[in-house]
Structures are given as C-alpha cells and as structure tokens.
Amino acid sequence: MSAYEIDDFSLVLASSVHDMKNSLGMLLDTLQQVVEATPPRDDGQARQFATLQYEAARINTELVQLLAVYRMQNRSLPVQVDQHFLIDVLEEQVARNDMLCQTRKLSLEVDCDEDLAWYFDAELVGGVVNNILVNSARYSREKILLRALVEQQQLVITIADDGAGYPPAMLENSGQDSAAGVNFAAGNTHLGLFFARRVANMHRRGEMSGRIQLSNGGPLGGGVFTLILP
Amino acid sequence: MAVSQYAALKILVVDDFHSFRATLGRLLAEFGCDDVTTVMNGPQALAACRKHKFDVVLCDYNLGEGPNGQQVLEELRQRNLLARDSLFLLVSAESSQAIVLSAYDYSPDAYLTKPINGKSLQQRLDRLLRQRDAMAPIYARLAAGKIDAAIGLAEQAIAAGSRYSYACQRLLGNLYMQQDRISEAEKLYTGVLEMRPLDWAQVGLAQVKRAQGDLPTAIQWLQRIIDDNPFCLPAYDALAEVYRQLGEADKTQQVMQAAVAVSPLSILRQAELAHTAAANRDLEVASRAYGRCVKLGENSCHDHQDNHLQYGRVTAAWIRESQLPNALDLAKDGLRVLGNVPRRFELGAVQRQQVSLLECQLLSARGEDKSAQELLKDVEENIELPGDSLDLQLDLVATLKTLRLDERAEQVLKSLVEQYCGDQPALQRIDLWLEEPVSERNRKLVAELNREGIGFYDANNYARALDSFKRACRLFPHHPGVQLNLLQALVADMKQHGCSGEGMELSASLCQRIQQTVQPGGEEFNRFKQLQQVIKQLH
C-alpha cells in the first residue's frame with residue numbers, strides 16, 4: 001500500500017469516527033430523555049440504565065481520543081498552554097463522572113492544594129484524567145484518589161485506586177510510545193494510555209517533556225497512574 | 001455559590017433542540033435558578049437580549065439553519081446587547097478547539113462540552129461567577145473609560161496575590177500597550193516569560209519591540225512563535241501588522257494567507273486577506289477570499305455589501321487578465337452572488353449601477369456579449385460624466401475594456417485624469433488602467449521596481465528579476481515597458497534553465513498583451529520583435 005493510500009484511509013477513518021461520535025451524541029441525548037420520561041422502576045432497572053450510560057459514554061470518550069490522536073498525527077491539534085488551578089481541573093473531571101460514581105457506589109477523593117496552579121492545556125490534560133478515571137471506576141472496589149502536587153519543579157498528578165492493579169505486561173511497556181501491548185483479540189487497545197503519553201509529550205519546558213508512569217500499590221493498594229508535567 | 005445567589009440570576013438558554021433546552025432548564029432549576037428564558041435560535045436570542053439584561057447566556061454552537069453560537073456571540077457583542085459582566089458560555093458536542101480558532105474578536109467566557117450534567121454545570125458556573133465578581137471593579141472602571149483606575153486595581157490585585165493574578169496580568173499587558181506605557185508592558189511580559197514561554201506574553205513582548213521601533217526583532221520573534229505554535233493566531237495578526245507598517249505588501253499577504261489557513265471560519269481575517277490581496281492585485285487569492293467572505297457572511301453581523309461587490313469585481317478582473325479553464329463557472333458564480341445583492345442589502349443608486357456594470361463584465365466572460373451590451377446601454381443612460389463617483393467610473397472603464405470598447409475606455413480615462421489632476425489617491429487608483437502611471441507614488445514605484453528588476457537581470461539573477469517584473473506587471477497591467485521587461489527576463493531565464501510549460505504559457509499571454517498596446521515602428525516595437533524571434537528559437 002502506498003503512503004498516499006494510507007493517508008487517504010486514515011482520513012476516511014477520521015471522518016467516519018466523527019460521524020459515529022455525532023450519532024452517539026444523539027443516542028446519549030435520547031437515552032437521557034428516556035430515563036427522564038420513564039424513571040427506573042427498581043434497582044435492577046436503574047443498574048441497566050447506568051450500564052447503558054456508562055458504555056455509551058466510554059465509546060464517546062474513545063472516539064474523542066481517536067480524533068485527537070488523528071489530529072496530533074496531522075499536526076492539526078492546537079495545544080494551548082495557560083495557567084490553571086489544579087483543583088478546578090480535577091474537580092471538573094470528578095463532576096463529569098458524578099453519575100458513574102453514584103451508580104458504582106465509589107467514593108472519589110481529591111487531594112490538592114486549593115492554590116496549586118500550573119501551566120498546561122486544560123482540555124487535553126482534563127481529557128487524560130477523565131479517561132483514566134473512567135477506567136479506574138471499572139476496576140476499583142470502592143475508592144479512587146486523585147492527587148496533584150509539585151515535586152522537584154514538576155507537576156505530578158496521580159490517580160490511584162483500590163483495585164487489583166495493572167497487569168505486569170502493561171507495567172513493562174508503560175513509558176514507551178509504541179503500540180506494544182495492543183491486543184485486538186483481548187479487546188485491549190490501550191488507546192487511553194497512548195493518548196495520555198502523547199498529551200504528556202506535547203507538554204514541554206526547555207529540554208524536559210511530560211511523561212506518564214504506571215505502578216501498583218500506592219496509597220490505596222491498587223493501580224496508580226501518574227502524569228508528570230514539567 | 002449559595003442557592004440564594006443563583007436565584008437572583010437571569011439566564012438565557014439558546015438551543016434548537018427541545019430536549020436540550022428542557023434538560024438545561026431542569027438542571028438550572030435544581031440549583032435554584034428560577035429565572036430561565038429559553039429560545040431556539042440566533043434571532044430569538046438577539047430579541048431576548050434586547051429586552052432583558054441576562055447574567056448568563058448558555059448557547060449551543062450548532063443552531064441548525066441561521067447563525068451558529070459563535071456568530072450569535074459576535075452579534076450580541078457587536079450590537080452591545082451583552083453587558084461586559086455577563087457570561088457567555090458556548091456549548092458544543094465537539095471538542096472546543098476547532099471553534100476556538102474561528103473566534104476572532106470575541107471569545108466566549110467558557111466552552112462546555114456535551115454531555116453536560118448538573119454537577120459540572122454548577123461547578124463551572126460557580127467558578128466563572130466568582131471570577132466575574134472578583135474582576136467586576138476592574139471591568140466597571142474600563143466600561144466607564146477610567147483606564148488608569150482599572151490599571152491601578154489590576155496592579156493591586158496582582159500585588160496582593162489574588163487568585164486571578166494571571167487573568168489580571170494578561171489584561172494589564174493589553175492595557176499598558178493601549179495606554180502607550182511601553183516600558184511597564186515590557187517589564188510585565190518579561191516577568192511572565194521568566195516563568196514560562198507563554199504565547200500571549202511572547203506576542204506581547206514582540207509588540208513591545210514593535211512599539212519601540214525595533215521592527216526586525218519583532219518580526220524575528222513573531223516568526224519564531226508561529227514556528228513553535230502554528231495555531232497562535234495573535235502572532236500572525238501582529239506579524240501582518242508589522243509587515244503592513246513596513247509597506248511589505250507581499251509578505252503581509254503571505255502571513256494573512258497562513259492565518260486564514262489556520263482559522264478558515266473567521267470572516268474578518270478572510271476580509272483582511274481579501275483586501276490585502278486585492279491591493280496587491282493577486283486576483284486569484286483575492287477572488288477566493290472574497291468568495292469565502294460572502295459565504296461566511298450569510299449569518300454574520302460582519303457581512304458587508306462591499307465584500308459581495310468586490311467578489312464580482314476581482315473575479316471579473318481575474319478572468320479578464322488570465323486564461324482560466326474554469327472561467328465560465330467563475331463568472332456564473334459571480335453573477336449568482338451579484339444577483340443576490342439587491343435582496344440582501346439596501347443599495348444606493350450608484351451601487352445599483354456598479355452591480356449592473358460588474359454583471360456586464362461577467363456576462364461577457366460567459367460569452368453573452370449581446371446581453372452585456374444591452375445592460376451597459378441601460379446603465380450608461382444614467383451615468384453623467386464627469387461628476388459621478390470615481391468608483392463607478394472605474395467600474396465603467398473595466399466594463400468598456402472587457403467588452404473591447406477600448407476607444408471609449410480611453411476617453412473616460414482621459415477625462416478622469418483631468419478631473420482628478422490634483423488628487424493623488426484618486427490618481428493612484430486610475431493608474432491601474434494607464435500605460436504610464438500619473439500619480440507621484442506610482443511613478444516612483446514603477447521606476448523602482450524596474451530598477452530593481454534590471455539590477456537583478458544585469459547580475460544574471462533572473463529568478464529575482466522575474467519576481468520584481470511580475471509584481472510590476474500585476475500592479476500596472478497596462479504598462480508596456482514592464483511587460484517587455486518581464487518578457488525579456490523570462491526569455492533569459494528559459495535560455496539558461498530550459499523551457500517550462502508555465503514559462504511558455506506566460507510568454508504567450510505576454511506577447512498577446514504587448515501586441516495590443518505597442519505601436520509599430522517605435523523602439524519598444526523593435527525590442528518586442530527581437531524577443532519574439534528568440535522565443536521561436538527556444539521551441
């Protein structure tokens with residue numbers, strides 16, 4: 001296949017993803033209306049609605065990330081670095097996932113100095129945090145901790161849960177920007193991590209650039225995702 | 001924020017989907033907003049804002065037919081229907097960044113991405129309202145024109161370590177520049193840049209350099225900002241401004257073209273590119289940019305009849321001056337746009353005649369010379385010469401030239417030169433149609449371009465010589481001297497580097513134009529004949 005054809009196909013993919021995202025938006029809206037018009041009769045039905053919403057939202061996040069990665073590849077994704085308060089960005093992600101936490105009976109704790117401010121693209125970094133949060137919600141038992149602090153003049157954002165932790169294969173490849181670990185058969189594309197790595201990398205200061213780390217243990221004994229921005 | 005404070009807010013929701021309006025209404029009611037007005041589209045939003053002062057406007061980006069959310073915001077601000085301390089939130093299903101780039105003069109206070117839940121909405125509003133309240137005293141001074149007082153308050157807030165110091169710094173930089181307090185602006189930007197190489201502070205510091213008269217440094221810095229971040233639109237705008245100040249018309253246009261490629265939805269940038277390209281006589285770029293202005297203008301408060309007329313004018317000129325394979329389609333589109341003008345705008349008598357003249361030119365381009373002639377006859381019965389506006393008479397000249405009524409065109413030109421003999425700006429515009437320019441500026445300019453081109457030619461630098469002569473030919477398309485010079489440089493270049501299809505095409509069209517103007521017998525005629533001989537041998 002020539003380079004031209006590959007380009008062409010990724011364009012087709014991108015516009016098709018765009019289309020899917022629009023349809024999904026309609027679907028989410030309609031779902032919302034259905035829930036409003038016919039409130040769940042019992043807990044079982046409430047759980048079913050929650051699952052519908054959660055899975056649709058997950059697809060939505062993935063599609064948004066796919067489009068963002070496509071734009072990064074084409075150098076058409078603007079990065080707007082500005083000063084932001086971490087508490088604002090983190091609480092925004094918590095608020096976004098309010099429903100999810102309620103239905104999964106998760107407690108989400110934010111540990112961050114009110115006055116901590118840093119320089120980054122809030123939409124991209126917010127997207128990374130949201131995505132990791134949505135994933136953690138899946139694997140954690142009852143608690144997730146979001147923490148932001150400055151260490152050695154770098155911003156460190158961690159998302160820790162009390163689940164079983166990341167599998168060893170993922171820990172090994174966590175720092176590399178490659179498609180390693182992608183496993184179509186297992187439904188494990190690691191798009192979220194790929195996106196996170198790219199976003200981290202787009203944040204630079206002098207010679208330093210951002211990065212991510214995966215580890216197990218941490219404050220809650222489960223998986224720990226760390227985003228470090230210079 | 002306490003529920004009681006939300007109860008005092010007046011809120012407007014704009015969305016074409018009933019369900020979204022209902023959802024937002026319910027969410028807002030949940031945290032205590034009772035005063036919520038909902039409307040479906042831009043015109044209704046404008047009407048609502050004329051009647052009431054809203055504290056918060058939540059507006060969807062995609063509003064179906066009619067203006068989009070960004071255009072609604074522009075019109076509200078343009079018509080002064082939104083108080084400075086009102087919040088405008090743009091809601092969209094897209095990630096905001098595609099829209100951010102289309103914002104030219106006015107950005108919303110925040111972008112919200114669908115789906116929206118109550119908790120995020122409340123949190124966002126809390127944050128924005130807190131900031132609004134903290135900044136309110138500063139904005140009140142600005143609204144009252146008390147700039148120095150506003151500056152004083154912003155300085156105090158920063159010194160006191162306010163949570164909004166960062167926003168204050170950005171604002172303060174702009175205010176210092178506005179008030180010509182350049183050294184204070186320099187200090188502020190330098191201070192910010194010591195922390196981080198932020199785009200806005202880098203652009204600010206480049207503006208400081210410009211204000212200090214150090215234009216080369218300003219250019220160098222702005223170019224570097226653009227290289228690092230091709231999406232930094234303020235850097236393009238500032239760079240174009242510096243080039244304009246230097247009189248570097250071609251470079252101004254290049255920068256504007258790059259800016260428009262990044263933000264194709266900004267009508268004001270398109271219009272600026274179109275004006276710049278038209279002044280440079282880059283008719284292709286100008287025609288396309290005016291075409292986009294017309295399209296984007298459909299629902300924009302920045303739509304203007306001049307853009308529509310200019311589209312017809314430069315498109316007709318482009319067709320006239322080049323052999324275009326798609327001339328018929330272009331002319332058709334020009335006629336379509338002009339045909340809509342009387343419906344869209346209220347035109348004066350002169351403008352109506354201008355539209356007719358432009359239609360004549362485009363009809364002729366479509367090969368409908370007979371209809372063109374008839375239309376021209378109608379118009380001419382109403383034009384009084386001399387005395388009518390220069391714009392109209394120049395359109396008449398273009399029309400006569402298009403219909404190959406050269407003798408009459410020359411008559412009009414002759415009377416125009418007499419009529420405007422002391423009016424340099426008018427003469428500069430008439431020069432476009434003359435063999436030899438008569439205005440002081442253009443006589444100097446054509447001499448300069450010729451001298452520059454001949455210098456390069458004598459140094460065997462044919463590529464640079466071609467650039468100079470091409471520019472001269474664009475600006476003075478009826479000047480036989482520069483055409484001959486261009487032809488000669490082209491021949492020399494092809495002798496050295498071999499014939500190209502493009503070169504042969506250009507030489508053929510030049511020969512055709514020169515043949516029409518050069519009188520047999522003179523020195524120029526002999527030069528032309530010699531060049532034709534050489535071209536034959538090149539084949």
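So that the names make sense, note that chain A is the first sequence line, chain B the second, and so on, each numbered from 1. Worth saying up front: this structure is predicted, and the values here are computed from it rather than measured.
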If contact means a heavy atom pair closer than 4.5 Å, which residues of residues 105-116 of chain A contact chain B?
-> A:E114, A:D115
Is there side-chain contact between A:D82 and B:Y166, with at least one heavy-atom pair below 4.5 Å?
-> yes
Portion of A:L31 that has a non-hydrogen atom of chain B nearer than 4.5 angstrom = neither
Nearest 0.5 Å please: distance from the OG atom of B:S120 over to the CD atom of A:Q93.
-> 8.5 Å
Rounded to the nearest 0.5 Å, how far does NZ of B:K119 lie from CD of A:E91?
-> 8.0 Å
Nearest 0.5 Å, what's the CG-CZ distance between B:D228 and A:R204?
-> 11.0 Å
Salt bridge present between A:E92 and B:R127 (N-O < 4.0 angstrom) = yes
May I ask you to decide if A:R96's main-chain N or O and B:N117's side chain share a donor-acceptor pair within less than 3.5 Å?
-> yes
Excluding sequence neighbours, so at least two apart, what forms side chain to side chain contact (heavy atoms under 4.5 Å, CB included) with B:Y164?
-> B:R130, B:Q131, B:A134, B:M135, B:S162
Any side-chain heavy-atom pair of B:R163 and A:F85 under 4.5 Å | yes
Part of A:N60 within contact of chain B (heavy atom distance under 4.5 Å) | side chain
Let me have the donor-acceptor pairs involving side chains of residues 150-161 of chain A, under 3.5 Å, with sequence neighbours excluded, atom names and distances please.
from: A:D161; atom 1: OD1; to: A:G163; atom 2: N; distance (Å): 2.9
from: A:D161; atom 1: OD1; to: A:G223; atom 2: N; distance (Å): 2.9

Considering heavy atoms only, which positions within residues 187-202 of chain B lie below 4.5 Å of chain A?
-> B:M195, B:R196, B:L198, B:W200
